[in-house]
Amino acid sequence: MKPSKKPVNPVKKSSNDVLKSQQSNKQKTSVSSLSLFDILENHFDKNQRLYLIVILGLAFTLSFLCFDAKISLANDDALYIESGAKYAKDFFAKESFYLANAPLYPTLLGLIIKVFGVNLMVLKCFSILFFCTGLFLLFIAFRNRIPFLILIPSLLLTSINFPFLMFASLTYTECLYLLMIGICFYINFKCFDKIFSENSTLKQKIVPSLLVGSTAFLFLITRNIAIVAIVPIIIFLIYRRKFAESGIALAMFTFLYFFYRFMVKAIWHVDQSQYEGQKLIFQKDAYNPSLGVETTAGYITRLIDNAQIYIGQRFMYVLGFKEEMSTEMPTVAGKVSEINTTNQLIVVAFAGIILASLYFMYKNKQHILFFSTLFFCCILGANFIALQTSWGQTRFVMIYLPLILMAVFYVLYHFGKILSFTQYIFPFVFFILFISSAKLTLSNAAVRFPVFLENIKGDPTFGYTTDWQNYIKMTRWCAQNLPDDTKHIAVRKAPMSFIFSSGKEFYPIYNAPYNNTDKTADSLLNILRKEKVMYFMPAELRSNPDMYVENQIIGTVHRYMYFIQVKYPNVFEFVHQEGDLEKTQLYKIRWNYIDSLKTSGI
């Protein structure tokens with residue numbers, strides 16, 4: 001058989017039909033007639049290994065230049081480590097099983113902590129490893145399936161992106177999630193080859209369909225919102241008219257989920273799911289349950305508002321075009337300033353580009369790009385409906401950057417193929433994005449790297465604001481002076497205290513009532529007595545981390561103490577204080593005083 005006959009093989013054509021045809025044509029076209037796209041595509045194709053090394057080298061090097069040796073001020077970062085330490089201490093204990101979010105990441109941290117201990121630097125280095133491996137797997141998954149002209153620029157921009165580089169040195173799930181996207185996409189694309197092959201029988205397609213359903217389960221245990229990942233998979237299979245295969249994939253996903261729930265109950269004796277802690281999404285206000293449950297109209301409003309917050313503001317920050325938070329936003333409560341006409345126009349333009357990209361992918365049978373675009377659209381849509389507008393964290397949209405860039409670049413690629421004179425727009429857009437990303441990354445690296453050097457020299461508080469420096473000092477004072485009683489000290493940021501005290505447990509207070517009644521004080525005290533709480537550690541932590549505004553603090557613990565003190569004025573005994581401005585204090589609860597008042601009938 002002659003080699004020239006191979007491209008007509010229907011098995012090969014089903015997965016890479018358009019791309020392989022283009023690559024074959026490139027070899028037959030004379031150099032003088034090559035367009036700019038052809039020249040660039042040939043260049044990337046011939047030097048793909050070199051560009052992969054450049055992408056991974058930039059990601060690795062810049063991750064350390066932007067490295068943050070400190071723990072993040074957000075609670076989740078420390079919470080994962082604390083949960084991982086519980087796994088390391090007693091993997092099969094009931095209290096070890098992680099229910100706050102998806103359990104895979106804390107489980108992996110538990111294995112790392114079992115070997116290296118609660119070593120923050122080691123854990124952060126694993127995040128960098130996950131980040132670089134995720135980029136590598138995305139390259140391998142998409143290679144020879146989409147044009148290199150789209151793949152390499154997308155991953156190159158991701159490798160120098162500051163928000164990604166920042167999370168590469170934090171113990172969040174983002175880098176593991178990127179790694180999981182790479183793994184699952186690689187598996188799915190290989191399975192799609194078999195499923196869409198005209199020469200494969202239904203029996204031969206069963207195993208690939210089961211594997212596709214299994215990847216949806218992997219997404220679920222990696223990230224809570226990724227339970228939606230099964231939706232684009234099923235839609236894609238139905239779109240390709242693979243109805244039986246879609247049913248098999250859905251059945252496998254359902255089986256694995258309930259089998260997983262069964263095993264959790266059998267091993268850890270936990271009859272709860274990872275979504276137990278996600279009830280906040282059903283409230284109108286995440287921090288004020290008294291406002292009631294969200295309505296259908298409220299969810300629609302959330303979708304619209306979150307689209308402006310995440311696409312209009314956060315994603316523009318990811319690209320380097322805007323500040324992360326609106327400059328008009330004086331406080332956390334002022335996030336409404338990000339809901340404005342400018343951001344609305346950005347959302348409309350973004351939606352138009354993505355929808356156009358989907359249409360062109362459908363028209364040109366770019367099935368792999370169609371799937372990846374459908375994937376991030378479904379999950380972002382679910383995010384915008386579920387997330388409270390008061391949260392607004394950049395990471396929720398940042399993680400899909402490489403997939404979004406592929407979709408955007410495909411629109412430029414499509415028009416460049418039709419109108420050759422528009423091909424110069426592609427490198428121009430890439431150049432603008434590269435400059436804006438590099439500027440954001442290098443400016444932050446210049447600030448962060450000197451702080452990193454001070455941290456590794458032995459000053460873990462360097463780089464924190466005054467409020468957090470005092471919180472850290474108080475946590476360490478408690479660990480040194482009350483080493484056996486830290487779990488009886490009520491704090492607002494218990495996982496953070498766990499890290500700063502080198503693994504001491506503290507009692508967490510995440511919520512406090514807003515209204516005071518005759519029964520409020522005693523109901524709060526009953527909880528504290530049951531948990532054997534003996535101390536309160538109120539800290540004047542800023543409500544807006546970037547700005548000190550007098551009396552604008554995270555007042556959960558203060559409010560908790562106030563309601564008790566209204567009924568029992570002398571209930572708290574001062575013990576210790578760190579700092580004067582933005583101070584952190586320690587008070588002991590006088591349980592004998594409370595009991596004496598109750599005995600006397602007061």
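Only heavy atoms go into these numbers, but all of them, side chains included; no hydrogens, no water, no symmetry mates.
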Notebook entry, point to check: Can a cation-pi geometry be assigned to K70 and Y464, taking NZ or CZ under 6.0 Å from the six-membered ring centre and within 45° of the ring axis?
Noted result: yes
Notebook entry, point to check: According to the interplanar angle, ranging from 0 to 90°, do the rings of Y80 and Y98 count as parallel (below 30°), tilted (30 to 60°) or perpendicular (above 60°)?
Noted result: tilted
Note to self: Please find the pair of heavy atoms, one from L387 and one from N306, that lie closest to each other, and give the distance.
What the structure shows: O-ND2, 2.8 Å
Notebook entry, point to check: Can you tell me if T394 and E324 form a side-chain donor-acceptor pair at under 3.5 Å?
Noted result: yes
Check: Does S437 use its side chain to pair, donor to acceptor, with the backbone of L157 at less than 3.5 Å?
Finding: no
Checklist line | Interatomic distance, F126 atom CZ to C175 atom SG [nearest 0.5 angstrom] | finding: 13.5 Å
Next item on the list: Walk me through it: do F449 and F67 pass the test ring pair (Phe, Tyr, Trp, His ring centres under 6.0 Å)?
Entry: CA-CA 7 Å; F449 192 67; F67 198 91; 9.5 Å; no
Margin query: Determine whether T158 and F164 satisfy the following criterion, side chain to side chain contact (heavy atoms under 4.5 Å, CB included), listing intermediate values before the conclusion.
Written below: CA-CA 7 Å; T158 304; F164 252 116; 3.7 Å; yes
Note to self: Evaluate F498 against T486 for side chain to side chain contact (heavy atoms under 4.5 Å, CB included), listing each step before the verdict.
What the structure shows: CA-CA 9 Å; F498 175 84; T486 57; over 6 Å; no
Note to self: Under a 3.5 Å distance rule, please check whether N470 uses its side chain to pair with a backbone N or O of E582 as donor and acceptor.
What the structure shows: yes
Next item on the list: For D485 and H488, indicate whether the former's side chain and the latter's backbone hold a donor-acceptor pair under 3.5 Å.
Entry: no
Next item on the list: Kindly say whether N455 contributes a backbone atom to a donor-acceptor pair with the side chain of D459 at under 3.5 angstrom?
Entry: no
Note to self: Given D467, which partner from the list I472, L73, L541, T584 fulfils the side chain to side chain contact (heavy atoms under 4.5 Å, CB included) test?
What the structure shows: L541
Item checked: S159 and N161 side chains, donor-acceptor separation under 3.5 Å -> no
Notebook entry, point to check: Would you find a donor on one side and an acceptor on the other, under 3.5 Å apart, between the side chain of D77 and the backbone of I71?
Noted result: no
Item checked: Exercise: do N526 and K519 side chains pair donor with acceptor under 3.5 Å -> no
Next item on the list: Kindly compute the distance separating CG (L220) from CD1 (I227), expressed to the nearest 0.5 Å.
Entry: 5.0 Å
Margin query: Aromatic contact between F536 and Y587, with the criterion being ring centroids under 6.0 Å apart: yes or no?
Written below: no
Next item on the list: Supply the atom-to-atom distance T295 OG1 to I300 CD1, rounded to the nearest 0.5 angstrom.
Entry: 8.5 Å
Next item on the list: Evaluate the ring pair (Phe, Tyr, Trp, His ring centres under 6.0 Å) criterion for residues F91 and W268: first the C-alpha distance (whole Å), next the side-chain angles of each, then the deciding distance (0.1 Å), finally the verdict.
Entry: CA-CA 9 Å; F91 189 86; W268 285 276; 5.6 Å; yes
Check: Would you say L178 and T133 make side-chain contact, with heavy atoms under 4.5 Å?
Finding: no
Checklist line | Taking every non-hydrogen atom, the tightest pair across T342 and K322 | finding: CG2-NZ, 4.2 Å
Next item on the list: Kindly determine whether Q313 and E338 satisfy side-chain hydrogen bond (donor to acceptor under 3.5 Å, both in side chains), including the steps that lead there.
Entry: CA-CA 7 Å; Q313 193 73 36; E338 297 176 338; 4.8 Å; no
Next item on the list: Indicate the atoms forming the closest heavy-atom contact of I589 with V533, along with that distance.
Entry: CD1-O, 3.8 Å
Item checked: Flag, side chain of Q565 to backbone of N570, donor-acceptor distance under 3.5 Å -> no
Checklist line | Y87 and F97 aromatic ring geometry - parallel, tilted or perpendicular at 30°/60° bounds | finding: perpendicular
Notebook entry, point to check: In this structure, are over 12 heavy atoms from other groups packed under 6.0 Å from Y299 atom OH?
Noted result: yes
Check: When the ring planes of F350 and F315 are compared, do they come out parallel, tilted or perpendicular, using 30° and 60° as the limits?
Finding: perpendicular
Next item on the list: Kindly give the heavy-atom pair with the smallest separation between N343 and G312, and that separation in Å.
Entry: OD1-O, 3.0 Å
Check: Between E294 and R302, is there a salt bridge with N-O shorter than 4.0 Å?
Finding: yes
Next item on the list: Mind listing the closest non-hydrogen atom pair of P103 and P106 along with its distance?
Entry: O-CD, 3.3 Å
Notebook entry, point to check: Any donor and acceptor pair, going by atom type alone, linking the side chain of K114 with main-chain N or O of A88 inside 3.5 Å?
Noted result: yes
Note to self: Set out, in order, the CA-CA distance, both residues' side-chain angles and the distance that settles side chain to side chain contact (heavy atoms under 4.5 Å, CB included) for R492 and I509, then state yes or no.
What the structure shows: CA-CA 5 Å; R492 177 61 180 86; I509 291 184; 5.6 Å; no
Check: Are side-chain N/O atoms of Y471 and S497 paired as donor and acceptor at under 3.5 Å?
Finding: yes
Next item on the list: State, yes or no, whether a side-chain contact exists between M166 and R448 at a heavy-atom distance under 4.5 Å.
Entry: yes
Notebook entry, point to check: Stepwise, does the side chain to side chain contact (heavy atoms under 4.5 Å, CB included) test hold for M537 with C478?
Noted result: CA-CA 10 Å; M537 197 179 97; C478 292; 4.2 Å; yes
Check: Any donor and acceptor pair, going by atom type alone, linking the side chain of Q283 with main-chain N or O of D285 inside 3.5 Å?
Finding: yes
Next item on the list: Working to the nearest 0.5 Å, report the span between CD of E540 and NE2 of H558.
Entry: 5.5 Å
Check: Are the charged groups of R223 and E174 less than 4.0 angstrom apart, N to O?
Finding: yes
Notebook entry, point to check: Mind checking whether F321 and Y317 have ring centres under 6.0 Å apart?
Noted result: no
Check: So, D76 and R395, do they make that salt bridge, N to O below 4.0 Å?
Finding: yes
Notebook entry, point to check: CD1 of I128 to OG of S63: how many Å apart, nearest 0.5 Å?
Noted result: 5.0 Å
Margin query: Would you compute the distance between atom CD1 of I225 and atom CD1 of I385 and round it to the nearest 0.5 angstrom?
Written below: 9.0 Å
Item checked: N/O donor-acceptor pair under 3.5 Å between T461 side chain and Q469 backbone -> no
Check: Does A512 offer a backbone N or O that forms a donor-acceptor pair with the side chain of R559 under 3.5 Å?
Finding: yes
Next item on the list: Could you tell me which non-hydrogen atom of N511 sits nearest to which non-hydrogen atom of T556, and how far apart they are?
Entry: C-CG2, 3.7 Å
